Amino acid sequence: MTGLEMPETEPVYIAGTVSEAEAVEALFAEQQIEYEVRPAEFRNVISLGAVFVGVSFRVLRGQASYCRFILADRGFKKGIVDSDQE
């Protein structure tokens, strides 16, 4: 990797509310996981599949599986982005 290349990241979670995003941020801070956030669309089943904008949490590709595990372990299951959903 040259000095200009960015490390590859992968989406692991989409938060649909501010409080959910803050909770994920707190978890990642506690676990000392570096992440970036980007806007992301998601569908809400309750709203008949309406599309909303949330926040996508992206981590280094090598940490993605671990991050999904700790998110699920802490109860953040509905927003987990599977590796095949990228």
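In this chain, residues are counted from 1 in sequence order. We use all heavy atoms of the structure for the numbers below, so side chains are in, but hydrogens, waters and symmetry mates are not. What you see is a predicted model; the values in this text were computed from it and never measured.
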### Val81 side chain reached by Tyr13 side chain, heavy atoms, under 4.5 Å
no

### Query
Are Arg61 and Gln63 side-chain neighbours, meaning at least one heavy-atom pair lies under 4.5 Å?
no

### Message
If the condition is side chain to side chain contact (heavy atoms under 4.5 Å, CB included), which residues does Ala64 pass it with, not counting sequence neighbours?
### Response
Glu10, Val12, Val59, Arg68

### salt bridge (Lys or Arg N to Asp or Glu O under 4.0 Å): pairs with one or both residues in residues 18-30, sequence neighbours excluded
Glu30-Arg74

### Message
Once you measure the plane-to-plane angle for Phe28 and Tyr35, does it fall in the parallel (<30°), tilted (30-60°) or perpendicular (>60°) bin?
### Response
tilted

### Task
Could you tell me the separation between the OG1 atom of Thr9 and the CD atom of Glu34, rounded to the nearest 0.5 Å?
12.0 Å

### Task
Starting at CD1 of Ile70, measure out to OG of Ser65 and round the result to the nearest 0.5 Å.
12.0 Å

### Query
Heavy-atom distance under 4.5 Å between the side chains of Leu27 and Leu71, does that happen here?
yes

### Within 6.0 Å of CD in Gln31, more than 12 heavy atoms from elsewhere
yes

### Summary
Sorted by chain and residue number, the side chain to side chain contact (heavy atoms under 4.5 Å, CB included) partners of Phe69 (sequence neighbours excluded) come out as none

### Student check: side-chain heavy atoms of Ser56 and Val37 closer than 4.5 Å
no

